[in-house]
Amino acid sequence: MADDSPFIRKAVERILRDQESITVVGTAASGEELLARLPAWRPDVVTLDLAMPGMGGMATLDQIMASRPLPVIILSDFSRAGAAITLEALHRGAVDFIDKRQYSLVDFSSLGVVLAEKVRQVAGSRVTVPAADAAPPSTAAVAEAPEPERAIRAVLIGASTGGPVAIERVLTDLGAPVPVPVVVVQHMPSGFTRAFAERLNAHLAMPVREAGDREVLLPGTVYIAPAGRHLRLEESSGRLTARLSDEPAGAAHRPSVDVLFDSACDALGRRAAALVLTGMGSDGARGLARLASAGAWTAVQDRASCVVFGMPRAALAAGAAAEELPLVRLGARLRRVLEAEPTGAGAAEP
């Protein structure tokens with residue numbers, strides 16, 4: 001790990017040493033020290049503070065990705081202003097992040113549990129920084145389900161660890177114009193989903209924003225579920241509307257992919273297209289299975305291109321996915337699904 005605070009280094013080292021199946025091979029006080037010691041340490045995972053003196057965390061991350069790509073978890077103090085920097089780190093190759101401010105400086109045990117779980121999940125991951133303009137492989141033979149015989153009314157995407165890069169790649173390859181709204185649930189702490197929406201809005205050919213409660217969802221627009229709120233779809237008088245709420249309060253994630261997918265199944269049934277991308281856990285598997293049973297088009301990101309295969313694996317185990325595709329093929333495949341027949345008009349403008 002690399003952090004310029006001696007207290008943080010000692011605290012994190014102590015809590016990780018107490019975690020089963022994790023060995024701390026070394027700590028560094030700067031990016032320069034970390035880079036110098038990496039060849040000898042040969043770690044499976046690195047935790048990295050972005051706010052360090054000297055070359056700093058972002059330049060250190062760039063050097064790691066250029067010389068010896070491996071899973072990097074950003075462990076830093078974040079603010080709303082720093083959310084954009086954190087998201088930039090994810091797009092430069094970091095696989096996940098943790099906000100140290102969420103945990104007590106006296107008792108780091110809860111941080112240890114979260115960090116240890118993330119370390120175990122991403123250890124051994126194949127880390128790449130995908131280029132937005134990279135062409136899909138022409139030789140990959142991947143079985144595709146028959147084109148859907150339905151008028152798609154909305155595209156739904158769920159993701160967690162590794163999701164920001166995967167979502168941007170899918171939407172870039174999907175291209176514009178898109179004849180229906182696209183609704184995204186990405187597991188993120190409060191304060192980061194707006195920055196994520198702003199980044200996508202700056203990099204994509206279609207408008208992207210956080211969804212608002214009771215907002216009518218327009219064709220060709222991407223809506224990001226706000227952190228800390230569940231997003232449901234409702235249909236009335238031919239319009240799709242976003243509804244935000246805190247319930248169910250006991251959900252493992254808020255927003256929850258399952259909550260979005262369940263609502264889409266109730267509102268749209270077979271007229272939805274849904275994807276589950278890279279991420280820990282099983283969120284989305286049950287909802288995707290409901291959508292598949294209703295006749296919706298469903299797909300998951302394949303194991304080889306995932307940072308963490310947990311959510312897609314759970315969806316496949318539930319029999320929820322008609323197709324399992326590499327990340328570089330998902331956007332183009334989704335475009336063909338939408339163009340298979342004239343879609344519904346989507347949500348009418350207010």
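Values below: all heavy atoms of this structure, side chains included; hydrogens, waters and symmetry mates excluded.
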Asks: Please check if the side chain of T193 supplies one atom and the backbone of A227 the other of a donor-acceptor pair under 3.5 Å.
Replies: yes

Asks: Counting C-beta onward and ignoring hydrogens, is there a side-chain heavy-atom pair between T241 and S236 closer than 4.5 Å?
Replies: no

Asks: For R333 and V337: C-alpha separation, side-chain torsions, deciding distance, then whether side chain to side chain contact (heavy atoms under 4.5 Å, CB included) applies.
Replies: CA-CA 6 Å; R333 176 63 177 132; V337 168; 3.9 Å; yes

Asks: Compare all side-chain heavy atoms of D44 with those of L70 and state whether any distance is below 4.5 angstrom.
Replies: no

Asks: Atom CZ in R120, atom CG in L115: separation rounded to 0.5 Å?
Replies: 9.5 Å

Asks: Donor-acceptor pair, S5 side chain versus I8 backbone, under 3.5 Å?
Replies: yes

Asks: Main chain of L327, side chain of S305: is a donor-acceptor contact present, judged purely on distance under 3.5 Å?
Replies: yes

Asks: Is the closest side-chain donor-acceptor distance between R232 and S245 under 3.5 Å?
Replies: yes

Asks: Using side-chain heavy atoms (C-beta onward) and a distance below 4.5 Å, is P181 in contact with T221?
Replies: no

Asks: So does E210 pair up with R229, basic N to acidic O under 4.0 Å?
Replies: no

Asks: Please confirm whether the backbone N or O of A320 pairs with a side-chain atom of T298, one donor and one acceptor, at under 3.5 Å?
Replies: yes

Asks: Has S256 got a side-chain atom pairing as donor or acceptor with D258's backbone, closer than 3.5 angstrom?
Replies: yes

Asks: Roughly how far, to the nearest 0.5 Å, is CD of Q121 from CD1 of I73?
Replies: 10.0 Å

Asks: Taking atom CZ of R286 and atom SG of C265, what is their separation to the nearest 0.5 Å?
Replies: 10.5 Å

Asks: Any side-chain donor-acceptor pair under 3.5 Å between Q63 and S67?
Replies: no

Asks: Give, for atom CG of L34 and atom CG of L48, the distance between the pair rounded to the nearest 0.5 Å.
Replies: 7.0 Å

Asks: Is the shortest side-chain N to carboxylate O distance from R194 to E198 below 4.0 Å?
Replies: no

Asks: Do Q186 side-chain atoms and S160 backbone N/O form a donor-acceptor pair below 3.5 Å?
Replies: yes

Asks: Can you tell whether the side chains of R9 and D3 come within less than 4.0 Å, N to carboxylate O?
Replies: no

Asks: Identify the residue among I167, V208, L90, N201 that makes a side chain to side chain contact (heavy atoms under 4.5 Å, CB included) with F196.
Replies: I167

Asks: With a 4.5 Å limit on heavy-atom distance, are the side chains of S30 and P53 in contact?
Replies: no

Asks: For the residue pair F309 and D302, what are the closest heavy atoms and their distance?
Replies: CE1-C, 3.7 Å

Asks: Could you tell me whether the side chains of H187 and D283 share a donor-acceptor contact shorter than 3.5 Å?
Replies: yes

Asks: Between E88 and R199, is the closest basic N to carboxylate O distance under 4.0 Å?
Replies: yes

Asks: Looking at V180, is its backbone amide N or carbonyl O close enough to the side chain of R153 to form a donor-acceptor pair, meaning the two atoms are under 3.5 Å apart?
Replies: no

Asks: Of the non-hydrogen atoms in A195 and A83, which two are nearest, and what is the gap between them?
Replies: CB-CB, 3.7 Å

Asks: Treating D213 as the side-chain partner and L244 as the backbone partner, does any N or O pair qualify as donor plus acceptor under 3.5 Å?
Replies: yes

Asks: Could you verify whether a donor N or O on one side chain and an acceptor N or O on the other, from R243 and H230, lie under 3.5 Å apart?
Replies: no

Asks: What pair of heavy atoms forms the shortest contact from V308 to P312, and how long is it?
Replies: O-CD, 4.3 Å

Asks: If you define the side chain from C-beta out and look only at heavy atoms, does anything of V170 sit under 4.5 Å from L275?
Replies: yes

Asks: Should the pair E235-R271 be classified as a salt bridge under the 4.0 Å nitrogen-to-oxygen rule?
Replies: yes

Asks: Mind checking the CZ-CD spacing from R329 to E324? Nearest 0.5 Å is all I need.
Replies: 12.5 Å

Asks: How far apart are the closest heavy atoms of P255 and G228, and which atoms are they?
Replies: CD-N, 3.8 Å

Asks: What pair of heavy atoms forms the shortest contact from F261 to L288, and how long is it?
Replies: CD2-N, 3.5 Å

Asks: Do we see a donor-acceptor contact under 3.5 Å between the side chains of T27 and E13?
Replies: no

Asks: V300 and side chain to side chain contact (heavy atoms under 4.5 Å, CB included): which partner among T278, L330, L316, L325?
Replies: L316

Asks: State, to 0.1 Å, how close G284 and V257 come at their nearest heavy-atom pair, and which atoms those are.
Replies: CA-CG1, 3.6 Å

Asks: Is it true that the side chains of H203 and E168 contain a donor and an acceptor less than 3.5 Å apart?
Replies: no

Asks: Which value, rounded to the nearest 0.5 Å, describes the distance between K118 atom NZ and M280 atom CE?
Replies: 4.5 Å

Asks: With a 3.5 Å distance limit and no angle check, can you tell me whether Y223 reaches the backbone of L218 through a side-chain donor-acceptor pair?
Replies: yes

Asks: Taking NZ, NE, NH1 and NH2 as the nitrogens, is one of them in R169 or D173 under 4.0 Å from a carboxylate oxygen of the other?
Replies: yes

Asks: Taking the side chain as everything from C-beta on, heavy atoms only, tell me whether R92 gets closer than 4.5 Å to M65.
Replies: no

Asks: Under a 4.5 Å cut-off applied to non-hydrogen side-chain atoms, are L50 and F97 in contact?
Replies: no

Asks: Determine whether L35 and M55 make a side-chain contact, defined as any pair of heavy atoms from C-beta on separated by less than 4.5 Å.
Replies: yes

